[in-house]
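Only one structure is covered here, and it is reproduced in the block below.
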Amino acid sequence: MKAIAYQQALPINDPLALQDVTLPAPEPGPRDLLVEVKAIAVNPVDTKVRAGVSPEPGQWKVLGWDAVGIVRSVGAQVSLFKPGDRVWYAGAIHRAGANAELHVVDERIAALAPQSLPDAQAAALPLTAITAWELLFQRLGVPQGEEAAARGQSLLIIGAAGGVGSIMTQLARQLTGLQVIATASRQETAQWVRDLGAHHVLDHSKPLAQEFKDAGLPAPQYVVSLTQTGQHFEQIAELIAPQGRFGLIDDPAPGSVDISKLKRKSVSLHWELMFTRSLFDTPDQIEQHRLLAEVARLVDAGQLRSTQGEHFGRINAANLRRAHALLESGKARGKIVLEGF
């Protein structure tokens, strides 16, 4: 099968950083689906793994943790899907990725793809939707419905124009009563998050505590930092409401986050990694199947839309190197998708 892979962690401007290769087709395990991949999306995790993790000598490492495709065969214990089903999923970080013509994924972390979206647009959503949903509703405990509105509560999303922020903005606006306050530093990204449902947009290139004061906004009960948390942490500790909840997904530099600054306000801190359930084979892995099924329903009902930012063409090494370079530049808006081999 065709695949895009590498044998050594390298900068993205090196042509060997991602290469077109031919690899043996994978064999599905008892609870696996064998999927013919139709479209993929690229995430920051792809760039971090490529830049920092080399496979064993002589081996090829395949990245890719967002996919839409057709089930071609199933393992002996599979009960949720059958051959011919069109599925979407984000996969597991400790297994080979989906930048290949054929891919295996555990049925408990996949779901039927939304019928109303073509493959590329659907591929933009799984990883970020899981991340945003788990962080909002399972880690931070944000209530769905109008309860938050009755309390006058708000959510600050720092870095809202990226992949996770783009779907989190929609989930918060559509499913909760929270006032959604997004941050973006450029005119086009600010308009992007407004179009996705943000009530207010602040500029995170400026001190955020002062941005809140200038906008006349009350302290948010919930703050989510999706990028450059170390840079923003002092401002977050200053502006968050007492007894607030703070969530993050990135990897702050050592020493850049002093959690003692949250103590005076009794603020809780919550990490989110959407790979945790599959990585540790937790008993509740099936929650990601249910979550993706609900997101697909909301998409088909017109309540959520794809966060596709750019379509980079066919799935090959040259186009994936371009996608990695754009993500590493910090200038991507929404998700970068690729389609077909």
Side-chain angles (χ1 to χ4, degrees), residues 43-49 52 65 90 93 127-142 148 153-172 176 178 180-185 189 193 198 201-209 211-212 219-280 288 291 307 327-328 330 332 335:
N43 293 281
V45 64
D46 300 57
T47 69
K48 293 174 183 176
V49 173
W65 292 284
I93 199 167
L127 184 146
T128 55
I130 295 170
T131 301
W133 188 289
E134 288 185 347
L135 184 49
L136 274 181
F137 302 124
Q138 297 173 3
R139 312 293 179 232
L140 296 180
V142 172
Q153 294 181 325
S154 60
L155 165 71
L156 171 64
I157 305 173
I158 299 172
V164 175
S166 294
I167 187 62
M168 183 179 288
T169 299
Q170 295 183 71
L171 289 171
T176 81
L178 291 169
V180 182
I181 304 161
T183 81
S185 59
T189 51
V193 293
V201 182
L202 307 180
D203 185 349
H204 56 238
S205 69
K206 301 175 182 178
L208 282 171
E211 284 279 283
F212 257 81
Q221 285 73 30
Y222 303 96
V223 176
V224 169
S225 181
L226 303 175
T227 183
Q228 298 179 324
T229 297
Q231 176 183 322
H232 299 297
F233 185 74
E234 295 274 348
Q235 293 292 307
I236 292 166
E238 181 178 344
L239 65 85
I240 194 169
Q243 303 182 95
R245 299 181 184 184
F246 168 52
L248 69 161
I249 66 171
D250 64 337
D251 302 298
S256 64
V257 172
D258 178 4
I259 62 171
S260 68
K261 293 185 180 297
L262 303 178
K263 180 178 181 180
R264 187 165 174 264
K265 290 183 176 179
S266 296
V267 169
S268 57
L269 184 149
H270 305 260
W271 282 101
E272 161 60 19
L273 178 66
M274 58 79 50
F275 294 119
T276 296
R277 283 176 159 133
S278 56
L279 190 59
F280 292 94
Q288 290 193 346
L291 185 166
T307 57
L327 276 180
E328 289 179 349
K335 293 293 290 293

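When a residue number appears, it is its place in the shown sequence, counting from 1.
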What's the spacing between [X] [atom1] and [Y] [atom2] if we round to 0.5 Å?
X	Y	atom1	atom2	result
K48	I93	NZ	CD1	10.0 Å
Q235	S225	CD	OG	12.0 Å
T229	I158	OG1	CD1	7.0 Å
H270	L136	NE2	CG	12.0 Å
S256	Q228	OG	CD	11.0 Å
T307	I167	OG1	CD1	6.0 Å

Nearest non-hydrogen partners of [X] and [Y], listed with the distance:
X	Y	value
W271	P252	CH2-CD, 3.7 Å
A90	F275	O-CE2, 4.1 Å
A172	V180	CB-CG2, 3.8 Å
G141	R245	CA-NH1, 3.9 Å
H204	H232	O-CE1, 3.2 Å
L226	G159	CD1-O, 3.8 Å

Is there a side chain to side chain contact (heavy atoms under 4.5 Å, CB included) between Y222 and I181 once you walk through the steps? CA-CA 10 Å; Y222 303 96; I181 304 161; over 6 Å; no

Might you work through the side chain to side chain donor-acceptor pair (under 3.5 Å) test for Q138 and E272, ending with a clear yes or no? CA-CA 9 Å; Q138 297 173 3; E272 161 60 19; over 6 Å; no

Short question: side chain of [X], backbone of [Y] - any donor-acceptor pair under 3.5 Å?
X	Y	value
N43	V45	no
T47	P44	yes
T183	D203	no
K265	E238	yes
E234	K261	no

Residue pair V267, L269: steps toward the side chain to side chain contact (heavy atoms under 4.5 Å, CB included) verdict: CA-CA 7 Å; V267 169; L269 184 149; over 6 Å; no

With a 4.5 Å heavy-atom cut-off, do [X] and [Y] have their side chains touching?
X	Y	value
L239	V223	yes
F137	L291	no
L248	F233	no
R277	E134	yes
I240	F212	no
L135	V164	no
L155	T176	no

Between S154 and L178, is a side chain to side chain contact (heavy atoms under 4.5 Å, CB included) present by the stated rule, with each step listed? CA-CA 5 Å; S154 60; L178 291 169; 5.6 Å; no

Would you say CD1 of I259 has more than 12 non-hydrogen atoms from neighbouring residues, nucleotides or ligands within 6.0 angstrom? no

